[in-house]
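Heads up: the structure comes next, in structure tokens.
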Amino acid sequence: MAQDQANEPARIFDMFRKMLLIRAFEEAAGENFFAGNVRGSVHQYIGEEAIAVGICANLRDDDLLTSYHRGHGHSIAKGADPRAMMLELFGRVGGTSGGKGGSMHIADFSVGMLGANGVIADGCTISVGAAQAIKLLKQDKIIVNFIGDGGINRGPFMEALNWAKVYELPVLFVCENNQIAATTTTKTVTAGDGIAARAESYGIPAVTIDGNDLLLVDRTAAKLISEIRGGGGPRLMQAMTYRLRGHFAHDKALYRAEGEAEAALEHEPVRRAEAWLLEQGISESEITNAKEEAEARIAQYVEDAHNAPWPDLKAAFTDVQDVGAPVPGAGQ
Amino acid sequence: MAQDQANEPARIFDMFRKMLLIRAFEEAAGENFFAGNVRGSVHQYIGEEAIAVGICANLRDDDLLTSYHRGHGHSIAKGADPRAMMLELFGRVGGTSGGKGGSMHIADFSVGMLGANGVIADGCTISVGAAQAIKLLKQDKIIVNFIGDGGINRGPFMEALNWAKVYELPVLFVCENNQIAATTTTKTVTAGDGIAARAESYGIPAVTIDGNDLLLVDRTAAKLISEIRGGGGPRLMQAMTYRLRGHFAHDKALYRAEGEAEAALEHEPVRRAEAWLLEQGISESEITNAKEEAEARIAQYVEDAHNAPWPDLKAAFTDVQDVGAPVPGAGQ
Amino acid sequence: MSEMTYAQAARLGLKEEMDRDPTVWALGEDLGFEGGMAGQYKDLQAEFGTDRIVDTPISEATIMGAAIGGALAGTRPIAEMRFSDFAMCAVDELVNQAAKARYMFGGQARVPMVARMPIGIRGGIAAQHSQSPEAWYTHVPGLVVVTPATPADNRGLLKAAIRCDDPVVYMEHKGLWGASGEVDEGDVEPLPLGVARTVCKGDDLTIVTWAAMVGVAESAAMTLRAMGISVEVIDLRTLWPWDKDAVFHSVRKTGRLLVVHEAVQIGGFGGEISAEVSEHLFEHLKGPVKRMGGARIPIPFSIPLEEAYMISAEQVAEKARSFF
Amino acid sequence: MSEMTYAQAARLGLKEEMDRDPTVWALGEDLGFEGGMAGQYKDLQAEFGTDRIVDTPISEATIMGAAIGGALAGTRPIAEMRFSDFAMCAVDELVNQAAKARYMFGGQARVPMVARMPIGIRGGIAAQHSQSPEAWYTHVPGLVVVTPATPADNRGLLKAAIRCDDPVVYMEHKGLWGASGEVDEGDVEPLPLGVARTVCKGDDLTIVTWAAMVGVAESAAMTLRAMGISVEVIDLRTLWPWDKDAVFHSVRKTGRLLVVHEAVQIGGFGGEISAEVSEHLFEHLKGPVKRMGGARIPIPFSIPLEEAYMISAEQVAEKARSFF
Ligand SMILES: Cc1ncc(C[n+]2csc(CCOP(=O)(O)OP(=O)(O)O)c2C)c(N)n1
Ligand SMILES: Cc1ncc(C[n+]2csc(CCOP(=O)(O)OP(=O)(O)O)c2C)c(N)n1
Ligand SMILES: [Mg+2]
Ligand SMILES: [Mg+2]
């Protein structure tokens with residue numbers, strides 16, 4: 001693990017707790033997907049937690065964030081309430097969207113989390129526009145846009161890179177490169193030297209780092225974010241990582257070479273952060289407690305979700321639009 | 001002008017004649033636009049002729065080409081019949097599209113000219129697909145896709161670059177960089193070092209040349225096209241040029257610095273090719289004859305267009321689709 | 001009152017809203033020097049600066065996406081698409097993001113933006129620059145759809161669209177840019193969205209229409225009046241929501257309805273109006289609701305062919321006479 | 001005859017056409033290993049190679065654009081969009097290029113391609129993965145629109161779509177992937193496009209529908225039969241062209257028409273059918289044509305809310321009874 005003066009163990013331990021919370025959330029989301037309690041799809045962030053946590057540790061509450069389909073981790077890291085998120089996955093009252101959005105549309109505007117997204121790369125163009133609003137409103141916020149390595153091949157993302165640089169917008173693009181897009185090894189459909197080279201061709205400074213190294217993500221994010229906040233324009237971070245699970249909860253990832261996922265466990269971010277904390281003198285029992293605490297919290301939220309009421313059918317007709325209020329259909 | 005052994009004066013003189021034909025066509029198109037004989041819009045290629053001609057001189061008849069809104073020059077260079085094109089601009093029977101397409105939809109499939117296009121960058125994605133068909137059909141054709149410097153900022157073009165390289169397709173992308181998009185100086189909306197750098201970030205070899213130098217375009221095209229035909233995958237040529245007229249015929253280009261267009265005349269391709277030919281011993285009178293011949297041909301086509309019949313109204317209802325044949329509307 | 005064109009009136013409305021609310025801004029290609037295709041943005045960049053009248057790269061998806069982001073982050077952007085045809089490059093952003101954000105996020109977000117995308121034929125600009133896809137957006141929950149027909153409406157409705165907290169698809173008709181009319185500069189309030197305008201009153205037949213067809217219907221009505229047929233012409237102004245009260249009220253009176261639009265008839269919004277009226281006013285109808293729309297063909301380039309696509313006042317009058 | 005699912009039948013039809021014609025190929029995301037969202041492409045890459053079952057980058061605009069180029073250059077591509085929602089990322093290519101190329105180029109070009117884009121609700125996939133925008137494409141000159149409802153049709157119509165020289169928007173319903181039915185493997189000819197299927201005969205009421213609503217209507221018809229109401233259910237199969245003869249014939253007999261679709265009712269294709277029938281069969285109608293479609297809301301995630309959006313056989317039966 002990368003070492004740094006600023007990385008006091010206590011601070012890192014807090015981040016580690018966030019990672020544990022994300023991990024526990026994702027495990028529970030997957031289990032409840034299989035149990036039929038969570039419908040639709042669930043894209044787990046397991047194995048990538050250090051990126052969201054390391055970056056969001058360097059954000060202010062009023063900074064903004066946009067995500068993609070694998071958005072639970074980013075939401076929790078930015079400060080969204082995991083209880084409300086779990087209720088959302090269950091489609092219940094009290095969910096972040098009152099049950100109307102589900103896993104792929106988790107959002108918490110109160111902490112600047114402007115939404116996961118079911119359409120790849122659409123968060124990118126939204127982000128540059130939000131950054132223009134930030135400038136227009138003379139705020140000193142920044143916005144972080146997360147995208148997968150498969151998503152970088154969509155045109156709107158490439159347009160957004162150009163756009164961000166043209167207007168020198170306060171955007172941090174973070175490409176979470178887990179090297180796969182659904183069942184496709186992204187190298188096979190990505191020409192050239194990848195996203196860092198592409199970003200640089202737009203004049204956007206880009207760095208590629210080990211995204212499973214919490215301290216390194218933290219330190220790199222601190223630097224990039226301060227550059228952006230200082231008016232330096234957009235930056236791109238490519239964080240190399242590995243998706244420990246299938247594309248979504250019901251994908252067994254049989255397209256992977258045997259042993260690949262097992263081997264990757266060695267480099268997974270929770271284990272590595274844990275090792276570092278132990279080296280710093282955090283005790284085994286403190287770590288065990290933290291894990292148990294995260295799991296207990298999430299277990300409680302799952303129980304809460306089970307007990308939460310289903311939305312009233314009337315809820316289907318609110319939040320559509322003010323003008324031309326929703327017209328019921330034949331189902332009502 | 002660049003010099004080369006292969007550039008025999010006779011061959012270059014033939015190319016020069018094509019340039020003159022394009023120039024005469026475009027002048028006539030503009031005049032007839034002002035006279036109200038040509039409707040819609042006319043984007044003149046005046047000042048950029050060396051690019052289309054230099055490239056198409058290195059293409060076979062069965063090679064393919066796609067263009068954009070400024071497509072007259074590409075069409076003539078690829079061998080489309082300028083008479084049929086003029087009839088098309090006039091909207092008459094005998095036009096390349098029987099009057100149904102007009103200036104922005106000039107096409108001549110018999111010579112592999114798959115169409116100008118009214119939507120920027122859409123020719124790019126079409127081109128990579130045509131190249132996939134070429135591969136599937138085991139042909140050894142190639143396809144050339146022309147695009148403007150403003151067009152490079154549309155996502156589909158960037159997707160197409162990636163795509164062409166991923167499948168190592170036989171595509172030559174040609175960015176005609178006239179430094180302006182409608183009224184906007186493209187530098188102001190284009191981040192980074194421009195299209196050559198971007199192409200390289202996708203692993204596509206790219207060259208930037210003086211597109212007003214006919215011999216250089218010819219020589220560079222010969223090299224790139226033989227590389228592509230040899231299975232080398234896609235290439236990109238950025239040809240620097242200057243749009244001598246307004247964006248379209250009715251644009252006076254008042255947004256330009258005073259004297260800019262006048263100064264550019266010195267570097268314009270017809271004049272330069274002419275100077276080279278004179279140096280090579282072609283006589284003034286041969287050149288004058290060539291000019292007069294081009295003008296006379298085009299004048300004849302204009303006259304033909306005036307005299308050609310208007311399409312029968314029934315033509316509006318053909319060529320729509322076989323299944324679910326067109327349904328007349330209230331206008332019929 | 002002063003006389004101005006449809007385009008000038010839009011510019012006036014935009015300027016008033018930009019003066020009034022510093023969070024209003026516009027983004028699109030060539031807004032600065034060109035001032036928009038018809039001068040709808042003329043000189044506004046000089047007045048409001050390049051951060052509020054933003055000249056963009058040719059990146060329609062991002063023009064639309066950025067407007068959405070700008071709206072989510074507390075401003076009121078106007079995404080200028082130049083042609084509704086080009087807006088098809090940004091349909092995903094408009095339909096999957098702008099229209100749904102508020103709902104998907106359970107009311108946490110609002111997307112107060114205007115997607116400005118002119119429709120219609122304007123003399124030889126052919127298949128890719130002449131479409132009228134307004135029906136599509138009426139079918140998309142979350143969107144408001146506005147189609148102004150007069151200079152006064154193009155000011156008043158644009159102001160309403162800008163102030164609206166929902167995403168508004170604002171469809172000027174390119175053929176009307178140069179049309180002039182009276183605009184009351186003193187009356188600075190926006191027009192209400194969803195309220196039709198009765199262009200002329202009548203008792204025998206109701207014609208419902210919008211955009212460039214309003215003038216055509218109006219002149220057909222004049223012809224018909226001379227023949228003793230009294231026609232009520234209703235300009236819907238907004239297609240979503242459409243003013244069902246006004247239309248139903250009129251059809252209850254006349255018992256006859258003709259819907260006229262320039263867009264392709266098949267799958268056009270005329271079908272919606274016809275179906276609603278037929279289902280709910282069946283007993284009041286003296287004959288079937290009829291529609292007049294465009295042929296199901298791409299718009300041809302050649303002027304006589306293009307004219308063959310268009311609907312004339314004579315044809316409207318003839319169709320109207322078929323009711324009697 | 002053998003029993004297979006809707007997805008398997010589509011795979012069979014595709015394989016047959018790929019065997020028959022070496023210029024048929026498909027392109028999209030995850031077609032190789034995944035074999036498509038429901039196995040519609042399963043193992044075909046192993047059989048036909050990576051040049052004919054092409055795994056692509058996540059670049060919808062180029063998937064569609066490349067299919068167009070491939071078609072213009074002499075092949076028959078199938079552009080797999082996974083969801084009609086994602087196809088919105090490629091609406092420009094489909095509408096401005098595929099649909100218009102033949103026309104704009106005066107008949108020089110043909111675009112024999114299939115734009116495959118499943119529609120419909122499938123249990124909690126929410127607003128961006130559940131839409132049914134088929135009405136849009138009926139409004140676009142140049143396009144054919146196909147909506148298969150059974151396994152046999154999903155083979156026969158896909159084959160027809162692949163052989164069609166026009167661009168076909170092919171909209172499987174995601175909710176039907178797993179539905180099984182009899183498929184006659186011996187009968188390898190495509191089904192005709194534009195010909196409806198009479199699901200059951202009846203004299204009192206005609207129900208016109210398509211895709212997943214066919215089964216719903218069929219079961220409503222059974223309920224109604226038990227009540228003494230004899231319902232004719234027509235599965236349109238193709239929305240453009242739609243089989244007006246079959247529908248008109250049926251309505252002339254029954255005098256009553258109910259159109260049912262899962263898509264949002266406002267601006268849906270039901271309006272087109274209603275308007276045509278009302279205008280041309282007014283004298284034959286015993287009452288107004290009625291429509292049943294979805295609410296004008298984004299599709300909600302939570303299962304009970306999603307269910308509230310959907311139309312049940314009971315609701316169809318109830319609406320049908322309102323005719324009598
Ligand atoms: C525009 C669009 N195309 C396709 C999809 C379907 N899809 C969902 S996730 C995914 C793979 C994404 O890979 P990547 O961007 O690397 O993110 P990861 O899942 O690896 O985190 C695909 C193709 C989509 N949601 N949106
Ligand atoms: C998708 C799309 N957006 C916008 C336009 C309008 N438009 C036509 S030409 C043009 C400028 C193009 O500039 P460039 O690509 O540099 O080509 P040039 O005209 O200089 O040859 C614009 C914005 C269009 N035709 N298509
Ligand atoms: Mg990935
Ligand atoms: Mg240019």
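In the text below, chain A, chain B and the rest are named by the order of the sequence lines, each starting its count at 1.
B:D322 touches chain D through backbone and side chain together, each having a heavy atom under 4.5 Å away. At a 4.5 Å heavy-atom cutoff, the contact between D:D51 and chain B is made by backbone and side-chain atoms alike. Only the backbone of D:D55 comes within less than 4.5 Å of a heavy atom of chain B; no side-chain atom from C-beta onward does. For D:P167, no part sits under 4.5 Å from any heavy atom of chain B, backbone or side chain.
When B:A131, B:G155, B:G129 are compared by the number of non-hydrogen pairs under 4.5 Å with chain D, B:G129 comes out ahead. Contacts with chain D were tallied for B:D122, B:V166, B:N117; B:D122 has the most, counting heavy-atom pairs under 4.5 Å. Of the listed residues D:V111, D:T56, D:N96, D:I58, the one with more heavy-atom pairs under 4.5 angstrom with chain B than any other is D:T56. The choice from B:T318, B:I134, B:D108 that makes the most heavy-atom pairs within less than 4.5 Å of chain D is B:D108. Top candidate by heavy-atom pairs under 4.5 Å with chain D, chosen from B:A315, B:A130, B:G101, is B:A130. Per-residue heavy-atom pair counts under 4.5 Å with chain D were compared for B:T96, B:I143, B:V323, B:V128, and the maximum is reached by B:V323. Listed options D:R110, D:E60, D:M64, D:R52 were ranked by heavy-atom pairs under 4.5 angstrom with chain B; first place goes to D:R110. Highest contact tally toward chain B, considering only D:V54, D:L193, D:L143, D:I68, is held by D:L143 [criterion: heavy-atom pairs under 4.5 Å].
D:P57 and B:N162 make their closest contact through CG-ND2, 3.6 Å (heavy atoms, listed as atom of the first residue, atom of the second, distance). Residues B:A133 and D:A73 come closest through the heavy atom pair CB-CB, 3.7 Å. Considering every non-hydrogen atom in both B:Q321 and D:P141, the closest pair reads OE1-C, 4.1 Å. Residues D:A66 and B:W163 come closest through the heavy atom pair CB-CZ2, 3.9 Å. In this structure, D:G106 and B:K100 approach most closely via the heavy-atom pair CA-CE, 4.3 Å.
Between the side chain of B:S97 and the backbone N or O of D:M104, at least one donor-acceptor pair lies under 3.5 Å. Panel note: side chain B:D319, backbone D:R102; no donor-acceptor pair is recorded below 3.5 Å. In this structure, D:Y103 contributes its side chain and B:A316 its backbone to a donor-acceptor pair below 3.5 Å. With hydrogens and angles disregarded, a donor-acceptor distance shorter than 3.5 Å links the side chain of D:Q108 to the backbone of B:F109.
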Go through D:T23 and B:L136 one step at a time and tell me if the side chain to side chain contact (heavy atoms under 4.5 Å, CB included) criterion holds.
CA-CA 7 Å; D:T23 70; B:L136 195 64; 5.5 Å; no
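Note that the CE atom of B:M158 and the OG1 atom of D:T62 stand 11.0 Å from one another [nearest 0.5 Å]. The CG atom of D:D92 sits 11.0 Å away from atom CD1 of B:I120, with the distance rounded to the nearest 0.5 Å. Here the straight-line distance linking atom CD of B:E88 with atom CZ of D:F105 works out to 10.5 Å at 0.5 Å rounding.
Taking the side chain as every heavy atom from C-beta outward, D:E93 and B:P156 approach each other to under 4.5 Å.
More than 12 heavy atoms of other residues, nucleotides or ligands shown are found within 6.0 angstrom of CG on B:N307.
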